[in-house]
Amino acid sequence: MTATSEAEISEAQIAVHWKEEPLINPPVTMAQHANVKERSIYERFSEKNFPECFEEYADMLTWDQRWHTVLDTSKPPFWKWFVGGKLNASYNCVDRHLPKYRNKAALIWVPEPESEATQAITYQELYRRVNEFALVLESAGLKAGDRVTFHLPMVPELPISMLAAARLGIIHNQVFGGFSARACAERMEDSKSDVLVTVDGYYRNGGLIDKKKEADTTVEEAKKLGVEVRKVLVWRRHPGRYVSQSPMVEGRDYFVDDLIKPFRGKTIAPVSMDAEAPLFLMYTSGSTGRPKGAQHRTGGYLAYVAGTSKYVQDIHPEDVYWCFADIGWITGHSYIVYGPLAVAATSVMYEGVPLYPDPGRPWRIAERLGVNIFHTAPTTIRMLRKAGPDEPSKYDLHFKTMTTVGEPIEPEAWMWYYDVVGRKQAAITDTWWQTENGGFLCSTLPAISPMKPGSAGPGMPGIFPIILDENGDEVPAGQNKAGNMCIRNPWPGIMQTIWGDPERFVKVYYSKYNRNPDSKDWHDWPYFSGDGAVLAADGYFRILGRVDDVIKVAGHRLGTKELENAVLTTPEVAEAAAVAVADELRGHIPVVYVSLKPGNSASKELEDKIRENVVKGLGPIAKPRTVYIVPDLPKTRSGKIMRRVLVSISDRKDYGDITTLANPDIVETIRKQVQTA
């Protein structure tokens, strides 16, 4: 092996510095009422019963036509699930619950201003509103297979819009509300979408955000990319009152409440969709500059999120469930909208930020609404712990299960979550999964599995994880050695492909460990997650973070190439490297290293300009904490920037052997600049 290849491989390794945490048994009361009470579920979902075991999830849904084949592996890795089956996602989340639950709250929406009334939307009311907006979408010329883009914040109109699109078989693409107009336009261009659904404004951290103004910029940016946005449908945050300063453009912009008037009280039949028909696109950053449109199917995805909502979060129809996340990410799609509503849950939504107006806000909401299942990200847990470590004890909280999602959680934060928030009476499920996966892949089950702070637990029933080294050999359990987290088998929630780019789908997720491209045996196609992990002797996985060039900030994945592309829009910049640096609250935060073109010099003004260009290109969430303007960037002899060296410098850690670099002397220069600043 050459020195260069050694350096490049080392960038995919994650150092293991952790100790075994003690196991904590779940409360004995969990087993009395849990949806899963016996460990026999692992036998039911064992490999010998695969793939038929997943019929247990599919049977939780209502099908117009039953499938004839559970799993079709004839064109790997483009797996097909529940082939021949037909169903409608909107019907399964709304219509079928009406006979028993029509007057039960489906969604409870909490506005950020505490002076505003909470909205409880019953299943009957949700049915009415979904039908009315589906008719609006139909009148806009949209039909099954078309794409529609939503750039909506956490308002009830977002799940209503999603379910209305699903009712007609329209593929929806929800862009995270905090993303910039440019990022939204890029996703519209990629998905070939020419209808944008937005809102005039929304509240965030005490201020009213003008969202319609941003929509106008999206239309302008889309035009530069060759997309003519023909309609902009604008929901109003306050009924009958327009809160934006941006004028409506005649012939393009329409208020949804005006469009709905002729459809008040009318219904439209749900379109029976093939199980393999795409339900939605969810864009996720990758190691190249272009975001990937994860294409999720209707039948397998809905079955998987229904099953995992019922078994992992232990949702019963009488529970009040709160996923404290944003629907703009896959967590909100799977575990605010589709999963919980498929099992007739009452699902809480909150418009604002966790700490507004103070760190007691989440606990006041939970107490007032009687929330008994709480689901959030480690970032939020760290934030609440720092801002108000004693706040939960001031409120009458009774959580039976609590979930963490989105990134690994430190044992210290886990214990605060367990001791203070859960009062040692709740079962914590520390889940691991990704945008591409649809639903949980590793987790304990709340009534039957001991909990382990900082560890995601074993593979989910029916999921067979494995850790592989760079050569494709299995990394054994209990050896305290890290490797690449992979899944040996397909599962119903896995994305179908990358929208419009099947070759990239194969290359990114399957080519690394596939040894026989002609094989139709699923055993020959392990899924490469891109995360590093360690497997303890007890079978619990601990996820260590990304092994590719993806930064995860506050639970949100940002591709370094995408971030670097935004930096490179600054004319003075020659090269850029974005890295994730440890942050007490957000887990990780972007830091950017740049070298300049000849004739330019470092300045505070230039650093600010670079930050502004990142915000303009990707949105505030990607804003670098620090911009370091350095003479050069550390590179391998093949020209690859060694980001791991920059991460080590930023985190003030040992950067290891650098003798294989093409320019090793630059490392000490950068270290002195950063660590003496």
Side-chain angles (χ1 to χ4, degrees), residues 57-67 82 85-109 119-139 142-145 148 150 156-172 174 256 260 263-280 296-307 309-310 315-319 321 327 332-347 349:
Y57 286 178
D59 284 335
M60 295 179 187
L61 306 177
T62 299
W63 295 76
D64 302 323
Q65 180 175 305
R66 193 172 177 84
W67 57 90
F82 308 118
K86 290 190 173 184
L87 75 168
N88 182 274
S90 181
Y91 178 89
N92 272 277
C93 291
V94 186
D95 305 39
R96 69 181 183 137
H97 302 317
L98 296 181
K100 191 172 183 180
Y101 299 116
R102 71 172 60 243
N103 295 319
K104 186 176 91 78
L107 298 169
I108 300 178
W109 180 64
Q119 292 184 26
I121 301 173
T122 65
Y123 274 97
Q124 181 65 46
E125 177 70 5
L126 183 61
Y127 173 77
R128 179 185 68 80
R129 296 184 66 178
V130 166
N131 273 275
E132 289 173 352
F133 191 61
L135 286 162
V136 169
L137 293 177
E138 184 186 52
S139 70
L142 294 167
K143 61 185 184 306
V148 62
F150 304 144
E157 288 76 16
L158 174 49
I160 288 166
S161 298
M162 290 166 59
L163 292 164
R167 193 169 194 82
L168 302 183
I170 299 165
I171 303 167
H172 61 76
Q174 158 65 10
V256 174
I260 277 180
F263 304 122
R264 290 290 184 198
K266 295 185 178 179
T267 61
I268 184 169
V271 177
S272 187
M273 302 300 296
D274 189 272
E276 281 292 299
L279 177 61
F280 65 86
H296 282 283
R297 59 175 59 81
T298 301
Y301 168 81
L302 193 62
Y304 198 73
V305 296
S309 291
K310 185 172 182 176
I315 297 176
H316 297 71
E318 59 269 24
D319 291 323
Y321 162 80
I327 297 173
H333 274 51
S334 296
Y335 296 117
I336 296 178
V337 183
Y338 286 114
L341 294 182
V343 296
T346 293
S347 187
M349 291 177 60

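This structure is a prediction, so every number in the text was calculated from the model and none was measured.
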Where Ala105 and Tyr123 come nearest, the two heavy atoms and their spacing | O-CE1, 4.0 Å

With a 4.5 Å limit on heavy-atom distance, are the side chains of Arg66 and Asp59 in contact?
-> yes

Rounded distance (nearest 0.5 Å) linking atom CG of Leu107 with atom CD of Gln119 | 10.0 Å

Under 3.5 Å, is there a donor-acceptor pair between the side chain of Glu276 and the main chain of Arg297?
-> no

When you check the gap from the basic side-chain N to the acidic O, do Arg128 and Glu125 get nearer than 4.0 Å?
-> yes

d(Arg102 CZ, Leu126 CG) to nearest 0.5 Å is 13.0 Å

Side chain to side chain contact (heavy atoms under 4.5 Å, CB included) assessment of Glu157 paired with Val256 | CA-CA 10 Å; Glu157 288 76 16; Val256 174; over 6 Å; no

Under the criterion side-chain contact (heavy atoms from CB on, under 4.5 Å), which of Asp64, Leu87, Asn88 is the partner of Ser272?
-> Asp64

Non-hydrogen atoms of Ala277 and Thr298 that approach each other most closely | O-OG1, 2.7 Å

Rounded distance [0.5 Å steps], CD in Glu138 versus CZ in Phe263 = 7.5 Å

Checking Trp63 side chain against Ala58 main chain: does a donor-acceptor pair fall under 3.5 Å?
-> yes

Considering non-hydrogen atoms only, spot the tightest contact between Leu61 and Gly299 and give its length.
-> CD1-O, 4.2 Å

Looking only at heavy atoms, which two atoms of Leu168 and Ile268 are closest? And how far apart?
-> CD2-CD1, 3.6 Å

For residues Gln124 and Leu98, determine if any side-chain heavy atom of one lies less than 4.5 Å from a side-chain heavy atom of the other.
-> yes

Taking every heavy atom of Pro159 against every heavy atom of Ile327, the minimum-distance pair comes out as CD-CD1, 4.0 Å

In terms of the angle between their ring planes, are His172 and Tyr338 parallel, tilted or perpendicular, with boundaries placed at 30° and 60°?
-> parallel

Given side chains that start at C-beta, do those of Arg167 and Leu137 come closer than 4.5 Å, heavy atoms only?
-> no

NZ of Lys86 to CG of Asp274, rounded to nearest 0.5 Å, is 6.5 Å

Would the number of heavy atoms belonging to other residues, nucleotides or ligands and lying under 6.0 Å from NZ of Lys104 be above 12?
-> yes

Smallest heavy-atom separation, Cys93 atom then Leu163 atom, equals CB-CD2, 3.9 Å

Can you tell me if Tyr57 uses its side chain to pair, donor with acceptor, with the backbone of Gly300 under 3.5 Å?
-> no

Value rounded to 0.5 Å, distance of OG1 in Thr346 from CD in Glu318 = 9.5 Å

Using only heavy-atom distances, determine whether the side chains of Tyr335 and Ser347 contain a donor-acceptor pair under 3.5 Å.
-> no

Interatomic distance, CE@Met273 vs CD1@Ile170, rounded to 0.5 Å, equals 9.5 Å

Given side chain to side chain contact (heavy atoms under 4.5 Å, CB included), test Phe280 with His333 step by step and report yes or no.
-> CA-CA 9 Å; Phe280 65 86; His333 274 51; 3.7 Å; yes

Hey, does Asp95 have a side-chain heavy atom less than 4.5 Å from the side chain of Thr62?
-> no

